[in-house]
Amino acid sequence: MKEKYYISTAIAYTSGKPHIGNTYEIVLADAIARYKRLKGYDVYFQTGTDEHGEKIELKAREAGITPKEFVDNVAKEIKSIWDIMNTSYDKFVRTTDEQHEKVVQKIFKKMFDKGDIYLGEYKGLYCTPCESFWTESQLVDGKCPDCGRDVELKAEEAYFFKLSKYQDKLIEYIENHPEFIEPESRKNEMVNNFLKPGLQDLCVSRTSFDWGIPVDFDSKHVVYVWLDALTNYITNIGYDPDGSSEEFNKWWPADLHLIGKDIIRFHTIYWPCFLMSLELPLPKQVFGHPWLIMSDGKMSKSRGNVIYADDLVNEFGVDAVRYYVLHEIPFASDGVFTRDLLMERINGDLVNILGNLVNRTISMAKKYFESHLENKKVVEEVDNELITMINALEEKVETKMNNLEIGGAIDEIFEVFRRSNKYIDETTPWSLAKEENKKDRLETVLYNLIEAIRVCAVFIEPFLPETSERILNQIHSSDKSFRYNENSIYDLNEAEILFQRIDISQK
Ligand SMILES: [Zn+2]
């Protein structure tokens with residue numbers, strides 16, 4: 001029996017095309033999902049789109065189309081970018097899917113019947129022309145941030161969820177499950193800034209707009225935002241208040257919700273309280289990742305500094321972009337995107353270290369042995385260090401991946417590439433080739449190099465899936481084992497360029 005692993009991204013809001021900063025999360029989740037599959041887990045990887053709300057209703061009106069047409073277009077665009085990034089999600093879910101809507105209605109009713117949802121009054125600052133409630137902090141110079149008109153204090157009937165009922169239970173849970181919120185700095189922030197001062201009940205319905213899931217027993221209300229969005233994690237794997245599917249029992253609780261640090265509060269406070277109300281177990285871990293920002297701050301259309309993933313992929317190739325975002329964004333602090341650094345990484349790491357190693361080794365094997373290599377086992381002391389490093393890679397990568405230090409895991413693999421390049425300098429195959437009695441030694445050296453490349457290609461798959469496949473194809477191997485194999489026989493294919501050097505002066 002394989003161990004299961006359920007990983008999700010947050011669902012992307014369908015208000016517009018996602019930029020590279022919004023694309024980081026799906027690539028990060030993909031690397032983790034692929035890694036778990038590599039390690040033999042039965043993986044379920046879910047992503048998708050969050051499609052309801054007033055903002056979308058307004059945008060659709062501006063575009064002169066229905067909200068459904070609007071979200072169909074944007075969801076299609078988001079999915080195509082996830083595909084361009086070569087992400088291996090198992091299911092792309094949408095909150096306008098019929099099944100999701102039906103189950104959200106049942107969840108709402110169940111919470112209402114239980115007394116966890118009650119009818120109350122929502123008070124806020126209201127802009128009549130925009131039909132929008134705003135909070136004090138959203139106002140711009142005291143006026144509506146959308147149209148600049150005056151706002152007035154207004155109340156509307158709304159349903160509320162009793163967050164306060166679960167507050168103590170949640171504090172206790174978080175304190176007993178130190179792994180639940182990562183990174184740890186976020187955990188302290190949630191407990192000290194939000195939970196301990198006391199939770200306000202949460203507004204979970206609205207009557208001021210229509211683009212939402214109707215509350216089926218009170219049809220002037222639509223379900224408001226978080227109750228609709230967060231429940232995607234269970235409605236799409238077969239949760240049903242009247243009896244869940246076997247699929248649900250298999251996958252729930254999720255092993256990891258991967259989300260942006262800006263929505264960690266909703267995932268570590270609202271979501272657990274909803275689950276407690278439904279008497280379901282909580283996800284094992286919520287990780288709030290840092291952001292990818294520009295050198296002049298957060299990416300935004302109004303700043304004019306937006307970069308899209310598909311443009312970068314067209315220019316540099318998918319694995320170069322994946323490498324950059326996975327490698328450059330640290331575990332706990334924001335990463336900066338610059339074209340210069342991207343090009344530097346391509347030339348420095350992907351061309352010089354990885355590409356050259358593979359190309360030189362395969363070329364030498366062709367030149368000296370017509371691409372046929374066996375291990376002649378003429379061993380010298382210098383081999384041991386390389387082989388020891390190859391065999392230590394599995395554990396090193398595992399440690400980093402368990403801590404979700406993706407960049408660190410990639411570094412471990414590149415250390416072996418680097419060591420292999422150094423091994424070429426140390427063993428100088430071109431001089432061995434000049435001496436007839438060193439032929440078996442030369443073949444042993446090249447064999448060791450190909451084994452190093454093979455094991456690295458296996459481990460690089462979660463991060464650079466296309467490159468991994470191309471390397472394994474060039475060395476003509478289907479051996480996916482994680483350690484140095486001393487008894488293979490290689491008939492290599494032709495060397496091909498893996499990454500093109502970029503002429504930075506031309507960019
Ligand atoms: Zn307004």
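Whatever order the structure lists ligands and atoms in, that order sets their numbers, starting from 1. The model shown is predicted, which means the values in this text are computed figures rather than measured ones.
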Trainee: Flag the pair Phe274 / Phe161 as yes when their ring centroid distance falls below 6.0 Å, and as no otherwise.
Mentor: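 For Phe274 and Phe161, the ring centres are under 6.0 Å apart.
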Trainee: Under the rule for side-chain hydrogen bond (donor to acceptor under 3.5 Å, both in side chains), what residues qualify as partners of Tyr159, not counting sequence neighbours?
Mentor: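 Tyr159 satisfies side-chain hydrogen bond (donor to acceptor under 3.5 Å, both in side chains) with Asp218 once adjacent residues are dropped.
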Trainee: Are there any protein N/O/S atoms under 2.8 Å from the Zn ion (ligand 1), and if so, which?
Mentor: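 Listed by chain and number, the nearby protein N, O or S atoms are Cys127 SG, Cys130 SG, Cys144 SG, Cys147 SG.
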Trainee: Could you tell me which residues satisfy side-chain hydrogen bond (donor to acceptor under 3.5 Å, both in side chains) with Tyr166, sequence neighbours excluded, listed by chain and number?
Mentor: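 Checked Tyr166 against side-chain hydrogen bond (donor to acceptor under 3.5 Å, both in side chains); matches are Asp116.
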Trainee: Is the gap between the ring centers of Phe337 and Tyr324 under 6.0 Å?
Mentor: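 Yes, the ring centres sit under 6.0 Å apart.
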Trainee: Which residues pass the side-chain hydrogen bond (donor to acceptor under 3.5 Å, both in side chains) test with Arg339, sequence neighbours left out?
Mentor: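 For Arg339 the side-chain hydrogen bond (donor to acceptor under 3.5 Å, both in side chains) partners, ignoring immediate neighbours, are Glu315.
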Trainee: Centre of Trp251's six-membered ring, under 6.0 Å away, within 45 degrees of the axis: is that where NZ or CZ of Lys4 sits?
Mentor: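 That pair does not qualify as a cation-pi contact.
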